[in-house]
Amino acid sequence: QAQKKELRGSMAALLKTLQPADLDAQNAYIAEKVLAHPRFLAARSVCFYANPRKDASLIPAEVDCTSILLQALRSGHCSCSIPRIFGDTMIMLQVPSEKSLNSFPLNKWGIPEPPEDSPEAEAPDLILVPGLAFDESYRRLGRGKGFYDSFIRATKARASQAGRVPPFLLGLAFAQQIVRAVPAGDFDERLDELVVGAPACPESRPLQAQPL
């Protein structure tokens with residue numbers, strides 16, 4: 001836990017230093033890769049995540065997934081869902097259209113959430129996963145609440161009970177978020193693959209923020 005706390009602090013500080021041009025370039029690169037990914041193209045149900053609309057400084061920068069979600073909604077390619085937090089639990093609720101997404105209320109972090117009575121996500125084929133840090137073994141460090149790990153475990157269990165293939169876990173990361181090793185415990189879910197941004201400047205691929 002101490003290692004995780006230290007890495008969260010150093011990564012949060014690093015992410016605050018990233019320049020807008022670098023973030024824009026990486027976000028565009030990642031969106032292009034996700035939208036052309038075979039798993040995305042084959043998916044009928046995808047779990048996205050939404051980014052803050054305001055007061056984005058309340059949380060460190062993370063890959064822009066909203067733009068990918070908007071393109072999926074406009075194309076009608078798949079059933080789309082995003083998280084809503086109920087106490088200590090995260091569930092995925094459906095986003096029927098771009099208009100409904102724009103009307104969703106914002107939570108305390110400025111992130112849009114579907115209304116409580118929205119339908120739950122259809123059995124997902126693909127989950128796009130954010131994080132603070134990642135490594136080349138596809139381990140992920142979240143913000144410490146365990147929302148995604150719990151959701152992924154529950155979703156895998158439901159898929160197993162129904163005889164379905166579990167969802168593919170695709171992490172989205174800025175180049176600066178890749179570290180030598182993410183400290184992981186027994187309950188930390190490993191991703192299946194990472195899409196990593198290509199920074200605008202070669203020198204913006206630092207790994208020095210990691211004490212591990």
Side-chain angles (χ1 to χ4, degrees), residues 3-40 43 46-52 56-72 82-83 90 92 109 111 124 126-149 151-152 167-185 188-212:
Q3 284 185 318
K4 288 184 176 182
K5 182 178 180 180
E6 185 176 2
L7 181 54
R8 285 190 182 100
S10 62
M11 185 56 68
L14 174 63
L15 290 172
K16 289 180 181 179
T17 70
L18 301 188
Q19 298 301 307
D22 190 11
L23 296 177
D24 290 345
Q26 294 199 61
N27 280 321
Y29 178 88
I30 292 168
E32 180 182 355
K33 293 298 182 183
V34 171
L35 291 167
H37 196 288
R39 292 283 184 167
F40 181 82
V46 179
C47 293
F48 299 82
Y49 61 89
N51 301 90
S57 61
L58 291 175
I59 60 174
E62 60 187 12
V63 171
D64 176 19
C65 190
T66 300
S67 64
I68 304 172
L69 168 60
L70 287 173
Q71 293 192 59
I82 60 173
M90 183 183 83
M92 292 283 180
W109 296 288
I111 299 172
L126 174 68
I127 302 175
L128 302 181
V129 187
L132 269 178
F134 306 83
D135 66 22
E136 292 182 355
S137 296
Y138 301 150
R139 288 184 290 259
R140 165 190 170 272
L141 181 72
R143 301 186 187 279
K145 300 294 186 182
F147 289 135
Y148 268 90
D149 290 316
F151 172 76
I152 289 168
F168 191 83
L169 308 178
L170 186 61
L172 308 184
F174 295 122
Q176 293 88 345
Q177 291 180 289
I178 305 303
V179 304
R180 287 190 295 274
V182 168
D188 295 318
E189 293 288 332
R190 190 175 299 214
L191 303 171
D192 294 306
E193 191 178 330
L194 273 173
V195 175
V196 182
C201 303
E203 61 268 25
S204 66
R205 295 182 68 94
L207 296 179
Q208 70 269 21
Q210 286 60 251
L212 304 177

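Values below: all heavy atoms of this structure, side chains included; hydrogens, waters and symmetry mates excluded.
In this structure, R8 places its CZ atom where more than 12 heavy-atom neighbours from other residues, nucleotides or ligands lie under 6.0 Å away.
Annotation: side chain of Q176 is in contact with side chain of Q26 (closest heavy-atom distance under 4.5 Å). Counting heavy atoms from C-beta outward, P83 and F151 have side chains that stay 4.5 Å or more apart. The shortest distance between side-chain heavy atoms of P167 and L126 does not fall below 4.5 Å. Counting only heavy atoms from C-beta outward, the side chains of V182 and R140 never approach each other to under 4.5 Å.
By the side-chain contact (heavy atoms from CB on, under 4.5 Å) test, Y138 pairs with R190, L191, E193, L194, sequence neighbours left out. For the ring-ring contact (aromatic ring centres under 6.0 Å, His included) test, residues two or more places apart in sequence or in another chain that qualify with F40 are H77. Scanning for salt bridge (charged side-chain N to carboxylate O under 4.0 Å, His left out) contacts around D188 gives K4, with sequence neighbours left out. Checked against side-chain contact (heavy atoms from CB on, under 4.5 Å), P130 has the following partners two or more places apart in sequence or in another chain: Y49, E62, Y148. With sequence neighbours left out, S67 forms a side-chain hydrogen bond (donor to acceptor under 3.5 Å, both in side chains) with D64. In this view, Y29 and K33, A198 satisfy the side-chain contact (heavy atoms from CB on, under 4.5 Å) rule, not counting sequence neighbours. D192 is linked by a side-chain contact (heavy atoms from CB on, under 4.5 Å) to F168, L169, counting only residues two or more places apart in sequence or in another chain. By the side-chain hydrogen bond (donor to acceptor under 3.5 Å, both in side chains) test, Q71 pairs with no residue at all, sequence neighbours left out. By the side-chain hydrogen bond (donor to acceptor under 3.5 Å, both in side chains) test, N51 is found to be paired with T66, residues two or more places apart in sequence or in another chain being considered. Residues that satisfy the salt bridge (charged side-chain N to carboxylate O under 4.0 Å, His left out) test with D135, not counting sequence neighbours, are R139.
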Assess the residue pair L128 and V63 against the criterion (side chain to side chain contact (heavy atoms under 4.5 Å, CB included)); give the C-alpha distance rounded to whole Å, side-chain angles, the decisive distance to 0.1 Å, and a yes or no. CA-CA 10 Å; L128 302 181; V63 171; over 6 Å; no
Query raised in the report: Could you walk me through whether L170 and H37 pass the side chain to side chain contact (heavy atoms under 4.5 Å, CB included) check?
Result: CA-CA 10 Å; L170 186 61; H37 196 288; 4.3 Å; yes
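Here the side chain of Q177 pairs a donor or acceptor atom with the backbone of L132 at under 3.5 angstrom.
L35 contributes atom CG, which lies 11.5 Å from atom CD1 of I30 (distance to the nearest 0.5 angstrom). Separation of atoms CG (L70) and SG (C65) is listed at 9.5 Å; rounding is to 0.5 Å. Atoms CZ and CG, on R143 and L141 in that order, are 9.5 Å from each other to the nearest 0.5 Å. Put simply, CG on L172 and CZ on F134 are 7.0 Å apart, with the number rounded to the nearest 0.5 Å.
The heavy-atom pair separating V196 from A175 by the smallest distance is CG1-CA, 3.7 Å.
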